[in-house]
There are 2 protein chains.
Amino acid sequence: MTGTKAISNISIDCIIFSFHNDELHTLLLKWAAGKSRGEWALPGGYVNYDENIDAAASRVLKIHTGLDHVYLEQLKAFGDVNRYPKKRVITITYFSLVKYSDIKVEASESVYEVQWFPVKNHPELIFDHQEILQFGLNRLKQIVRHEPIGFKLLPLEFTLLQLQSLYEAILETKFDKPNFRRKLLKMKLLNDTGKKQENVSHRAANLYKFDLNIYEKLKDKGFTFDL
Amino acid sequence: MTGTKAISNISIDCIIFSFHNDELHTLLLKWAAGKSRGEWALPGGYVNYDENIDAAASRVLKIHTGLDHVYLEQLKAFGDVNRYPKKRVITITYFSLVKYSDIKVEASESVYEVQWFPVKNHPELIFDHQEILQFGLNRLKQIVRHEPIGFKLLPLEFTLLQLQSLYEAILETKFDKPNFRRKLLKMKLLNDTGKKQENVSHRAANLYKFDLNIYEKLKDKGFTFDL
DNA sequence: ACACTTGTAGTCAAAATGACAAAAAGATGT
DNA sequence: ACATCTTTTTGTCATTTTGACTACAAGTGT
C-alpha cells in the first residue's frame with residue numbers, strides 16, 4: 001500500500017487458447033528474471049487495489065497479447081496453501097479464446113519469451129500451472145459442446161471442415177463429414193457468405209459465418225446448442 | 001498475522017441447495033450482530049492462512065449445516081472493487097447439494113438465524129449475494145443437464161416422479177411422465193431396489209437408487225448423461 | 001363395487017442419427 | 001483437351017430416439 005497498487009496475495013493467471021495447424025494451442029511465457037528464470041508459465045499478474053478482478057484479467061491478457069475485447073471467462077480460483085512457494089497467494093484463473101491471426105507473439109516485452117504450444121505437447125510448467133491448464137482444457141471441452149463458442153477460435157469466415165477439425169481437436173473425437181455438416185447446417189446458425197476458399201489445390205469449400213444474433217433469438221425460444 | 005489466523009481479504013461464501021416440497025431451496029442466515037444486523041446473507045467466512053480454500057469451504061459448510069463430506073464445488077470468485085463496503089474483500093463462492101433430511105437447521109450457533117428459502121422466493125440479500133445466488137442457479141441448471149448430480153438432492157432411494165419433479169424445478173420445465181421414465185431407465189443408471197413407496201394414498205411407486213459405479217464405467221466408454 | 005389417483009406399459013408417427021455411396025467442382029499433369 | 005486426383009457437397013437408408021398420446025394396473029377411500 002506504499003508505492004505499489006497491487007494486492008500482494010491475489011494474482012491472475014490466464015490460459016489463452018488458439019487454434020492453428022489443426023491443433024489447439026496455448027500461449028506460454030518464459031520468465032527472464034528472478035528465481036524462476038527459465039521456467040515456463042501461464043501469463044499472469046497481480047490484481048490492483050482499485051481494479052475489479054475481471055478488469056485485471058483483461059489487463060493481463062492485453063499485456064501479453066495486445067488484444068482487447070476478447071472472449072475471456074473466469075475459470076476457477078486456485079488456493080492451496082503451498083501452491084506458490086514464497087508466500088500464500090491465491091490465483092484466480094481465466095481462459096480466453098482468440099483467433100490466431102489476431103496475435104503477433106513477438107510484440108511482448110523483452111523480459112519474456114512468448115510462444116504458442118500445442119496443448120498436447122508443451123514444456124513443463126511452474127507451480128500448479130499444469131493443473132490449471134488441465135482444468136481449463138476440461139472446462140473447454142464441456143462448454144464447447146453446449147455453447148457455440150468454438151467460433152471464437154476461428155477466423156470470421158470459415159469452412160465446415162475447419163469447424164469440424166476444431167471440434168475434433170478439442171473433443172478428441174472424429175466426426176463423419178457429411179453428418180457433421182448436416183447437423184450444423186440444420187441449426188441455422190451459419191450464414192453462407194457466398195464466398196469460397198482460395199488458393200487450395202482442390203475444390204474450394206464454401207465459407208460460412210457464425211450468426212450470433214440468430215443464436216440469441218433461438219436461445220430465447222429454448223434452443224440449446226448441442227455438440 | 002497477530003492473533004487471527006484468517007486472511008483478511010479473502011472470504012468464502014456458500015450456496016447450499018436442497019430440494020423439498022417440490023421446490024429448490026437455499027439456506028440463508030440472518031446476521032445477529034455488527035453493522036449488517038438483520039440482513040440475510042449466504043453462509044460464509046474467511047479463509048485461514050494454513051488452510052486450502054476448498055478446506056475453508058468445507059469448514060464453512062460444516063459450521064452452518066453440521067454436514068461433512070457433501071457435494072461441494074467451487075462456483076466462482078467475485079471480486080469487484082466495491083462489492084464489500086468496508087474494505088476490499090474478494091470472495092470465493094462454492095455451491096453444495098445436500099439432502100434436506102440430513103440437515104437440522106436449528107442446530108446452528110445462537111448468533112445466527114438460519115432458514116431454508118425457496119430460491120424463487122427469498123428475502124433480499126446483502127452485498128452481491130443476490131448476484132452470486134443467481135449465478136449459482138444458472139450453473140446448477142447447466143451442470144444438472146449434463147452430469148447426474150441431481151441425485152445428490154434426493155434421498156438415497158427415490159421414485160421416478162420425485163426425480164422428475166426435481167428436474168422440473170431446477171430446469172423450470174415440464175416433462176411427460178412416461179417419456180421421462182423411458183429415457184431415464186434406458187440409461188441403465190438406476191437400480192430397482194425392489195422396494196415400494198409407503199404411506200401413500202394411491203398405488204405405491206417403485207423406489208430406485210442411482211448407481212454411481214455403473215455411471216463411471218459408462219462414462220469411460222464415452223457415455224454422457226444428457227437431460 | 002365403485003370412483004379416484006397415481007404408476008407403468010405400450011403405440012405410432014415424426015425427427016434425428018450413423019454409416020455409407022455417389023455426384024460435383026476445381027486443380028494438376030500429360 | 002482430357003483423365004486423374006482431391007475434397008466438397010448431396011443423397012440414401014436402416015435404425016434409434018423423440019414427442020404426444022392411450023390404455024391398463026394397482027392401490028385408497030367411500
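Every chain is numbered from 1, with letters handed out A, B, ... down the list of sequences.
For C/dG7, the OP1/OP2 oxygens have a side-chain nitrogen or oxygen of B/K177 closer than 4.0 Å.
Residue contacts for B/L160: at a heavy-atom cut-off of 4.0 Å it reaches no nucleic acid atom on any strand shown.
When rounded to the nearest whole Å, the span between NZ of A/K174 and C1' of C/dA19 equals 17 Å. Per the geometry, CG belonging to B/L185 stands 10 Å off C1' belonging to C/dT8, to the nearest Å. Whole-Å rounding puts the A/Q197 CD to D/dT7 C1' distance at 9 Å. Taking atom CG on B/N206 and atom P on C/dA9, their separation rounds to 9 Å, with Å as the unit. Protein atom CD of A/Q164 is 12 Å distant from nucleotide atom P of D/dT9, rounded to whole Å. Taking atom CZ of residue B/F223 and atom P of nucleotide D/dT17, one finds them 11 Å apart after rounding to whole Å. Note: CZ (B/F180) to P (D/dT17) measures 17 Å, nearest angstrom. Nucleotide D/dT8 holds its C1' atom 12 Å from the CG atom of A/L207, rounded to whole Å.
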Anything under 3.5 Å between a protein N or O and an N or O of nucleotides 14-17 of chain C, put it in a table, one pair a line.
from, atom 1, to, atom 2, distance (Å)
C/dT17, OP1, A/K183, NZ, 3.4

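The NE2 atom of A/H25 sits 8.5 Å away from the CH2 atom of A/W116 when rounded to the nearest 0.5 Å. The CZ atom of B/F127 sits 11.0 Å away from the CG atom of B/L42 when rounded to the nearest 0.5 Å. Between B/D226 atom CG and A/D226 atom CG the span is 6.0 Å, to the nearest 0.5 Å. Here CG of A/L61 is found 13.0 Å from OH of A/Y71. Values are rounded to the nearest 0.5 Å. Rounding to the nearest 0.5 Å gives a distance of 6.5 Å between CZ of A/F175 and CD of A/E168.
The aromatic ring centres of A/F117 and A/H122 sit 6.0 Å or more apart. You'll find the ring centres of A/F158 and A/F151 inside the 6.0 Å limit.
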Nucleotides 21-30 of chain C: protein proximity per nucleotide (B base, S sugar-phosphate only, - neither; heavy atom, under 4.0 Å): B--BBSS---
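Judged purely by distance below 3.5 Å, without hydrogens or angles, the side chains of B/Y100 and B/N21 never pair a donor atom with an acceptor atom.
Residues B/L161 and B/D176 each lie close to DNA chain C; by heavy-atom proximity, the contact nearer the 5' end of the strand is made by B/L161.
When each of A/E124, A/E39, A/E113 is checked for a salt bridge (charged side-chain N to carboxylate O under 4.0 Å, His left out) with A/K30, only A/E113 meets the rule.
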